[in-house]
Participant: 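Have a look at the structure that comes next, please.
FYI, side chains are in, hydrogens and waters are out, and symmetry mates aren't considered; it's all heavy atoms of this structure. Keep in mind it's a predicted model, so treat the numbers as computed, not measured.
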Amino acid sequence: SANTVSAATVVNFAAASNGQYIDFTAPNQYIEFTGIPSSGGAATLTLREANGRENGWSTAVDVYVNGTLLNTAWFAPTGSWTTFVNPNYP
């Protein structure tokens with residue numbers, strides 16, 4: 001499968017999943033996962049996030065699978081750029 005991100009940089013970081021994270025840095029951000037087989041049933045997508053913004057702002061990222069917008073994930077502040085959490089998204 002091929003994955004696409006916009007307005008972002010991939011950063012190497014040992015504590016991140018698979019040793020990398022995506023640093024979203026601009027408006028109109030999204031991540032798209034493609035080549036995901038459609039099984040006709042429910043599936044789970046887990047996103048880990050870290051948001052060290054000192055101003056307390058959340059960051060919005062649109063999440064697409066195979067070209068379909070599934071949801072907008074709001075990444076709330078976690079207290080540090082190195083504190084990762086696994087929030088739940090409907």
Participant: At their closest point, which heavy atom of P77 faces which heavy atom of R53, and how far apart are they?
Facilitator: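 P77 and R53 have their closest heavy atoms at CB-O, 4.5 Å.
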
Participant: Looking at every non-hydrogen atom in both residues, tell me the closest pair between T72 and A60 and how far apart they are.
Facilitator: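 In this case the closest contact between T72 and A60 is CG2-CB, 3.9 Å.
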
Participant: Hydrophobic clustering (ILVMFWY, side-chain heavy atoms < 4.5 Å, transitive) - are I22 and F84 grouped together?
Facilitator: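 No, because F84 and I22 fall into different hydrophobic clusters, even though each may have its own neighbours under 4.5 Å.
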
Participant: Looking only at heavy atoms, what is the nearest atom pair of N51 and F75, with distance?
Facilitator: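 It is ND2-O, 2.8 Å.
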
Participant: Any idea which heavy atoms bring N66 and E32 closest together, and the distance?
Facilitator: C-OE2, 3.9 Å

Participant: Give the intermediate values and the outcome of side-chain contact (heavy atoms from CB on, under 4.5 Å) for residues T78 and E49.
Facilitator: CA-CA 8 Å; T78 61; E49 61 117 338; 3.7 Å; yes

Participant: Kindly compute the distance separating CD1 (I31) from OH (Y64), expressed to the nearest 0.5 Å.
Facilitator: 12.5 Å

Participant: Supply the atom-to-atom distance Q29 CD to D23 CG, rounded to the nearest 0.5 angstrom.
Facilitator: 9.0 Å

Participant: I want to check something: taking the side chain as every heavy atom from C-beta on, are Y30 and L69 in contact at a cut-off of under 4.5 Å?
Facilitator: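 Not touching, per the 4.5 Å side-chain cut-off.
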
Participant: What's the shortest heavy-atom distance between A73 and V63, and which atoms?
Facilitator: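 For A73 versus V63, the nearest heavy atoms are CB-CG2, 4.1 Å.
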
